[in-house]
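All remarks here apply to the structure that follows.
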Amino acid sequence: MEAGPAPEARPLMDEQTFLDNFSHLNCPRKTYLCYEVELLVGENSIPLDEYKDFLHNESSYKIWERCHAELIFLERMASWNLDTELRYRVTCFISWSPCPDCADELVKFLRESRHVNLRIFAARIYERFPGYEEGLRALNAAGAEVAMMTFQEFEYCWKNFVDHQQDEDESFPSWDNLVVRSEELSQRLAGILQNQED
DNA sequence: ATTTTCAAT
């Protein structure tokens, strides 16, 4: 009997959801977070597809029911009970960068989770709350790699987290000024992480 | 017009 590869049951994001939420041209009032986990073994990394998925924040008119995407993600990571004797690399692609409170929670997590390396790629910088710069610096100082998504990450997410229905080879459509916007944001982030004022 | 910012008039 042949035991073929199990069919992928993992849900994918629809194309419009991805474009609406990750584009530089929009400022949606919600946040999507795509994540994946690799097991690090020596020089190699092994993708753990069972931990590859996406989520979004919980939005509600009731303030106590709201939850930022990062906190949902932290709960989800805790539920995995990753082996503390092993080493993992967790990569997040998030449409808005973490707010100061979420950055704090991520920092706490990193302090308690020496077996996890965290990389965060953000599509846009979320600057609604004062202190967002300090939050991003704290995350960086706690060992997280914080970077803006470039064309490469947008395209990677498009290929890996988005449902292309029939057309598997549909290429990432991009949007106006993606590369320029991404570079601008990367420079701003670099300034923030170096504690420079604009 | 460089600001649609993880809900609120």
Side-chain angles (χ1 to χ4, degrees), chain A residues 11-36 51-79 90-110 118-140 142 144-151 153-154 157-158 161-162 173-198:
Chain A
L12 294 166
M13 196 182 308
D14 64 73
E15 292 178 345
Q16 203 53 50
T17 300
F18 179 77
L19 294 173
D20 287 347
N21 283 281
F22 283 84
S23 170
H24 296 132
L25 306 179
N26 299 336
C27 286
R29 296 174 186 271
K30 53 190 172 183
T31 298
Y32 275 77
L33 189 159
C34 304
Y35 59 85
E36 62 185 3
Y51 303 128
K52 183 174 181 176
D53 204 348
F54 70 93
L55 54 83
H56 58 78
N57 67 296
E58 287 302 328
S59 173
S60 171
Y61 66 95
K62 300 173 195 162
I63 196 162
W64 61 89
E65 288 183 352
R66 296 176 197 165
C67 188
H68 278 193
E70 296 87 331
L71 303 186
I72 296 171
F73 180 60
L74 282 172
E75 283 181 19
R76 209 171 272 200
M77 268 200 291
S79 76
V90 175
T91 305
C92 294
F93 304 94
I94 189 166
S95 58
W96 285 114
S97 64
C99 77
D101 288 347
C102 288
D104 282 351
E105 293 303 318
L106 289 165
V107 166
K108 279 188 212 164
F109 166 81
L110 287 171
L118 181 63
R119 298 195 298 175
I120 298 176
F121 293 96
R124 299 173 302 260
I125 299 176
Y126 185 66
E127 45 197 7
R128 176 171 169 200
F129 299 120
Y132 72 94
E133 301 103 320
E134 287 82 351
L136 294 174
R137 279 196 287 273
L139 253 183
N140 196 48
E145 189 182 323
V146 183
M148 302 311 298
M149 291 175 72
T150 66
F151 183 92
E153 281 78 42
F154 288 116
C157 285
W158 178 259
F161 295 98
V162 176
S174 192
W175 50 80
D176 286 348
N177 291 321
L178 181 152
V179 172
V180 172
R181 282 295 289 144
S182 173
E183 281 175 4
E184 287 171 356
L185 289 166
S186 293
Q187 290 210 356
R188 276 188 44 211
L189 178 64
I192 289 168
L193 296 182
Q194 292 164 34
N195 198 6
Q196 293 170 350
E197 300 299 325
D198 287 323

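Remember, it's a predicted structure, so these values are computed and weren't measured experimentally. Throughout, protein chains are lettered first and strands after them, A, B, ... in sequence-line order, and every chain is numbered starting at 1.
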* **Separation of atom CG in A:L189 from atom C1' in B:dT5, rounded to whole Å** => 16 Å
* To do: Provide, to the nearest angstrom, the distance between the NE2 atom belonging to A:H68 and the P atom belonging to B:dA7.
  => 4 Å
* Structure fact -> Heavy-atom nearest pair, A:P98 first then A:A103, reads CB-N, 4.2 Å
* **Nearest-angstrom distance from the residue atom CD of A:E183 to P of B:dT2** => 20 Å
* Show your reasoning for whether side-chain hydrogen bond (donor to acceptor under 3.5 Å, both in side chains) applies to A:T17 and A:D14. => CA-CA 5 Å; A:T17 300; A:D14 64 73; 2.9 Å; yes
* To the nearest angstrom, how far is A:N177 atom CG from B:dT3 atom P? -> 16 Å
* Going by number, which of residues 55-67 of chain A have a non-hydrogen atom under 4.0 Å from DNA chain B? -> A:N57, A:E58, A:S59, A:Y61, A:R66
* Hey, is the main chain of A:Y32 close enough, under 3.5 Å, to the side chain of A:S95 for a donor-acceptor pair? -> yes
* To do: To the nearest Å, give me how far apart CZ (A:R124) and C1' (B:dT4) are.
  => 10 Å
* Asked: Can you check the A:W96 CH2 to B:dT3 P distance for me, whole Å?
  -> 13 Å
* Asked: To the nearest angstrom, how far is A:R128 atom CZ from B:dT4 atom P?
  -> 14 Å
* Any side-chain donor near an acceptor of the partner, A:E153 and A:T150, under 3.5 Å -> yes
* To do: Taking all non-hydrogen atoms of both residues into account, name the closest pair between A:C157 and A:M149 and its distance.
  => SG-CE, 3.8 Å
* A:H24: what forms a ring-ring contact (aromatic ring centres under 6.0 Å, His included) with it, not counting sequence neighbours? -> A:F154, A:W175
* To do: Pick the C1' atom in B:dT9 and in B:dT4, then give their distance to the nearest Å.
  => 15 Å
* Asked: Residues two or more places apart in sequence or in another chain: which of them pass side-chain hydrogen bond (donor to acceptor under 3.5 Å, both in side chains) with A:R29?
  -> none
* To do: List for me each residue that meets salt bridge (charged side-chain N to carboxylate O under 4.0 Å, His left out) alongside A:K108, sequence neighbours excluded, and say none if there are none.
  => A:E105
* Strand contacts (DNA chain B) in residues 14-29 of chain A, 4.0 angstrom heavy-atom criterion -> A:C27, A:R29
* Send over the distance from A:E184 CD to B:dT3 P, rounded to a whole Å. => 13 Å
* To do: Sequence neighbours left out, what passes ring-ring contact (aromatic ring centres under 6.0 Å, His included) with A:F22? Give chain and number order.
  => A:F18
